[in-house]
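Data first, discussion second: the structure below is written as C-alpha cells.
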Amino acid sequence: MMKTKFVFVTGGVVSGLGKGICAASLGRLLKQRGVRVRNQKFDPYINVDPGTMSPYQHGEVFVTEDGAETDLDLGHYERFVDENLTGNASISSGKVYWSVLNRERRGDYLGATVQIIPHITNEIKDRIYAMAGEDVDVVICEIGGTVGDIESQPFLEAIRQVRAERPLGDAVFIHVPLIVQVPGSGELKSKPTQHSVKELLSLGIQPDILVCRCDAPITDDIRRKIALFCNVEPDCVIQNATAGTLYEVPLLMAEEGLDEVVCRKLGLITHQPDLREWTAMVKREKNARRPVRIALVGKYTQLHDAYLSVVESLHHAATANDAVADIQWVDSGALTAENTAAALADCAGVIVPGGFGGRGIEGMICAIQYARENRIPYFGICLGMQMAVVEFARHVLGWADANSTEFAPDTAHPVIGLLPDQVHVTEKGGTMRLGRYPCTLAEGSRSRVLYGAADISERHRHRYEFNNACREAVHERGMALAGLSPDGRLVEIVELPDHPWFVGAQFHPEFKSRPDRPHPLFYGFVKAALEK
C-alpha cells in the first residue's frame with residue numbers, strides 16, 4: 001500500500017505569481033519538520049523538454065544530476081529543499097504525449113482509440129505515482145500555467161483523479177491566486193480569486209488552501225470573505241506577501257501557518273520546524289551592507305532568468321562573505337575592443353556564463369582580455385571557460401585565429417573542438433555531455449584549496465571540449481590545467497596561477513550552489529572581488 005501523500009499546487013488569475021517558490025518553500029518547511037519531501041513540476045508546453053527552447057522565452061535550462069534538461073523551477077526546488085532531483089521531476093505535455101504516442105505505435109493499447117481520458121491522464125498519473133516511494137512521505141507537485149488555460153486541463157483532470165483514487169487525507173490542493181489592488185484607491189479586491197476558484201470547481205477540484213499573492217497585507221475581513229466564498233477555513237487563506245528577499249518566503253509562510261495547515265490536512269504528526277539556521281542565513285543576507293559589483297557578461301542579458309542559477313549563486317556567495325552582489329548586466333554582443341574598458345571600469349569581478357551559438361563571442365573575448373590584463377578576478381563557466389582558452393591562445397600564444405570549431409570550423413588553431421570520437425556524430429546535440437561527471441583537482445591548484453578535496457563531481461551541459469593537442473602550449477605559457485577527468489582525457493578547469501583570481505570551469509557549478517551552502521568556486525570568486 002502506497003504511504004506517500006501528495007500536495008498539488010496550481011495557479012490562478014495570472015501567471016508568474018510564484019507557484020514554484022510556494023512549492024519550494026513548503027518543501028523546505030516540511031523538511032525542517034522531519035518530513036521526507038520530493039518536488040515535481042508539470043509544464044503544459046508541447047516541447048519534450050526545455051533543452052532546445054530559447055532562453056529568451058523560457059529562461060535558463062536547469063540540469064539535474066542524471067543529465068535531464070529541465071524547467072528552471074527545479075533549481076528553486078533544489079536550492080530551497082536541498083535535495084537532488086532527477087529527470088522524473090520535470091514533465092512536459094510533450095513528454096507525456098511522446099510517451100503515449102510511442103506506446104500506441106508499439107501496439108501497447110491493443111488497437112484502442114487513444115484519447116485524452118484515459119490515456120493521457122493515466123500517463124500523467126503514472127508520472128505522479130512514480131515519485132512516491134518508501135523514502136518519500138510527501139510529493140509536492142506543481143502544475144504549470146494558469147487555471148483556465150486549455151493546455152493545463154489534462155493535468156488538472158489527472159490530479160482530480162488522483163484525489164478520487166487516494167484515501168481521504170492523502171491529497172491536498174493548494175491554489176495560488178492573486179489579490180488585486182485597485183490603482184489609485186489601493187483597495188484590495190478578492191473577486192479575481194473567487195473566479196479562479198470557481199474555475200477550479202468547474203473542473204471538479206475544491207482547493208483546500210489558498211496562498212494569496214499580494215503586495216499589501218490582507219485584512220481579516222478580506223480573509224474571512226475569501227474563506228466564505230471559496231469554501232475553505234479562514235486559517236487556510238494564507239497571505240503570500242512580497243518578501244524582502246527570496247529566501248525569506250519560507251519564514252513568512254511559516255508565520256502564516258502554511259506548513260501547519262498542510263500537516264493537518266494530510267494527517268501528518270510532526271515536530272515544529274527547526275528554522276534557526278535558515279533564519280540566521282536570511283538575517284545575514286538582509287543585514288549585509290558591503291556591495292561588490294560583478295559584471296555578468298552574456299548574450300541573453302535582456303532576460304535575467306536566462307542566468308537565474310548564476311545570479312542566485314552570486315547572491316549565495318556574497319551573503320557568505322557578508323556582502324551584497326551588485327550585478328551589472330553587460331550584453332556581450334555590444335562589447336568591442338574600444339568600449340570594453342568603459343563598460344567594465346567600475347566592476348570588481350567579471351563572470352562569463354554559458355551559452356550556445358556564435359553571437360556575442362567576440363565581446364566575451366574582449367571582456368576576458370580586459371579582466372586578465374587588468375588583473376580583475378575572472379570566472380568563466382562552460383562557454384566562459386572555452387572563450388578564456390581562446391583569448392589566451394590569441395593574445396598570449398599569438399595564435400590570432402584561435403577559436404572553437406563551433407564558431408570557426410576551419411580555424412588553424414582549434415583550441416576548443418569536438419573530441420575525435422565525436423566528429424562523426426552529425427545530429428546537433430548528439431554529442432552533448434549532460435549531467436554529473438567526476439573531476440580530479442590538481443594538487444596546489446586554487447580550485448583544490450577552495451573545494452577542500454581532490455575528487456569532486458559537477459554537472460555539465462555542452463558539446464565542445466578543450467583540444468588536448470593544445471595542452472602543452474598553453475601550459476608552457478602559464479595556463480594551468482587545474483581539473484581533469486579521472487582518466488586525464490578531459491580538461492575540466494583552467495587557472496592562471498599568476499593572476500589574483502582567474503578560473504574557468506567546463507561544468508556548471510551554479511546548479512549545485514545553495515543559499516546556506518554557497519558553491520566553493522563562487523565563494524572564492526566573490527571573495528577575490530571583495531579583496532580587489
Side-chain angles (χ1 to χ4, degrees), residues 20-21 24 28 55 59-65 70-85 245-247 278 281-282 284-285 288 291-298 300-301 303-330 347-355 377-385 436 439 446-447 450-452 456-462 483 492-493 501-530:
I21 299 299
R28 185 75 203 194
E60 77 169 7
V61 174
F62 187 83
V63 178
T64 57
E65 290 279 281
T70 74
D71 182 78
L72 58 80
D73 272 319
L74 264 71
H76 288 312
Y77 300 158
E78 286 206 4
R79 285 187 287 271
F80 277 71
V81 187
D82 198 13
E83 297 285 345
N84 290 333
L85 297 171
T245 168
L246 195 64
Y247 301 110
W278 193 269
M281 180 267 294
V282 171
R284 188 174 185 180
E285 181 183 11
V292 54
R293 174 163 286 191
I294 304 295
L296 192 156
V297 182
Y300 314 122
T301 52
L303 181 67
H304 295 179
D305 273 0
Y307 301 111
L308 180 61
S309 290
V310 172
V311 170
E312 290 304 313
S313 298
L314 287 171
H315 289 312
H316 303 163
T319 297
N321 280 286
D322 289 319
V324 179
D326 176 15
I327 298 174
Q328 180 168 313
W329 296 88
V330 180
C347 296
V350 175
I351 186 167
V352 176
Y378 173 75
F379 191 12
I381 296 174
C382 197
L383 181 61
M385 174 267 204
R436 180 181 186 269
C439 172
R446 178 177 283 117
S447 297
L450 287 167
Y451 276 97
I456 61 167
S457 69
E458 293 284 358
R459 302 180 194 180
H460 291 246
R461 185 180 181 242
H462 62 97
E492 298 282 20
I493 303 176
W501 209 94
F502 192 105
V503 176
Q506 180 62 85
F507 47 81
H508 287 267
E510 67 270 25
F511 295 145
K512 296 183 73 170
S513 185
R514 303 291 182 258
D516 52 350
R517 194 175 66 255
H519 191 282
L521 294 183
F522 276 94
Y523 177 84
F525 170 62
V526 171
K527 187 174 187 291
L530 284 163

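Below, all heavy atoms of this structure are taken into account, side chains as well, without hydrogens, waters or symmetry copies. One is the number of the first residue; the rest follow in order along the sequence.
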Item to complete: List the atom of Ala325, the atom of Leu314, and the distance in Å for their closest heavy-atom pair.
Response: CB-O, 4.0 Å
Fill in: Rounded distance [0.5 Å steps], CH2 in Trp501 versus NZ in Lys527
11.5 Å
Fill in: Beyond-backbone contact of Pro353 with Leu296, side-chain heavy atoms, under 4.5 angstrom
yes
Worksheet item: For the atom pair CG (Leu521) and CD1 (Ile456), what is the distance rounded to the nearest 0.5 Å?
Response: 7.0 Å
Discussion item. Is any side-chain heavy atom of His460 closer than 4.5 Å to one of Val63?
Written reply: no
Worksheet entry | Closest non-hydrogen atom pair, Met281 against Pro515 | CG-O, 3.6 Å
Practice prompt. Report the residues that fulfil side chain to side chain contact (heavy atoms under 4.5 Å, CB included) with Val61, sequence neighbours left out, ordered by chain and then residue number.
Written response: Pro50, Glu69, Arg461
Discussion item. Arg517: which residues meet the side-chain hydrogen bond (donor to acceptor under 3.5 Å, both in side chains) condition with it, sequence neighbours left out?
Written reply: Asp82
Practice prompt. For the pair Trp278 and Tyr247, name the ring-plane relationship: parallel under 30°, tilted 30 to 60°, perpendicular over 60°.
Written response: perpendicular
Worksheet, complete the sentence: Sorted by chain and number, sequence neighbours left out, side chain to side chain contact (heavy atoms under 4.5 Å, CB included) with Arg293 holds for Asp326, Gln328, Asp346, Cys347
Worksheet item: With Glu65, which residues qualify under side-chain hydrogen bond (donor to acceptor under 3.5 Å, both in side chains), at least two apart?
Response: Arg436, Arg459
Worksheet entry | Rounded distance (nearest 0.5 Å) linking atom OG of Ser513 with atom OH of Tyr523 | 12.5 Å
Worksheet item: Is a donor on one side and an acceptor on the other found under 3.5 Å between the side chain of Gln506 and the backbone of Met385?
Response: no
Discussion item. Measuring only between side-chain heavy atoms, which start at C-beta, is His304 closer than 4.5 Å to Val311?
Written reply: no
Worksheet item: Taking atom CD1 of Ile294 and atom CZ of Phe525, what is their separation to the nearest 0.5 Å?
Response: 4.0 Å
Worksheet, complete the sentence: Between Gly20 and Asp73, the two heavy atoms sitting closest are CA-OD1, 3.6 Å
Fill in: Residue list, salt bridge (charged side-chain N to carboxylate O under 4.0 Å, His left out) with Arg79, at least two apart or on another chain
none
Worksheet item: Where is the tightest heavy-atom contact between Val526 and Ala318, given as atom of each residue plus distance?
Response: CG1-CA, 3.9 Å
Discussion item. Between Leu308 and Asp305, is there a side-chain heavy-atom distance shorter than 4.5 Å?
Written reply: yes
Practice prompt. Check ring pair (Phe, Tyr, Trp, His ring centres under 6.0 Å) between Tyr451 and all other residues, then give those that pass, not counting sequence neighbours.
Written response: His519
Worksheet entry | With Ala288 via side chain to side chain contact (heavy atoms under 4.5 Å, CB included) - residues at least two apart | Val324
Worksheet item: Shortest non-hydrogen contact from Tyr307 to Gly354?
Response: CE2-O, 3.8 Å
Practice prompt. Indicate the atoms forming the closest heavy-atom contact of Ile381 with His508, along with that distance.
Written response: CG2-ND1, 3.8 Å
Discussion item. Quick check for you: to the nearest 0.5 Å, what is the distance between Ile351 atom CD1 and Ser313 atom OG?
Written reply: 8.0 Å
Discussion item. Suppose we screen for side-chain hydrogen bond (donor to acceptor under 3.5 Å, both in side chains). Which residues come up paired with Thr70, at least two apart in sequence or across chains?
Written reply: none
Discussion item. Within this structure, what is the NE2-CG distance for the pair His316 and Asn321, rounded to the nearest 0.5 Å?
Written reply: 13.5 Å
Practice prompt. Under the side chain to side chain contact (heavy atoms under 4.5 Å, CB included) rule, collect the residues that match up with Pro55, sequence neighbours excluded.
Written response: Tyr300, Ala306
Worksheet item: Does Leu383 reach the side chain of Val352, with side-chain heavy atoms less than 4.5 Å apart?
Response: no
Discussion item. Could you work out, with ring pair (Phe, Tyr, Trp, His ring centres under 6.0 Å) as the rule, every residue matching Tyr77, not counting sequence neighbours?
Written reply: none
Discussion item. Do Lys512 and Ser457 have side chains that approach each other closer than 4.5 Å (heavy atoms only, starting at C-beta)?
Written reply: yes
Item to complete: Please name all residues satisfying side-chain hydrogen bond (donor to acceptor under 3.5 Å, both in side chains) with His315, sequence neighbours left out, ordered by chain then number.
Response: none
Worksheet entry | Qualifying residues under ring pair (Phe, Tyr, Trp, His ring centres under 6.0 Å), relative to Phe62, sequence neighbours excluded | Phe511
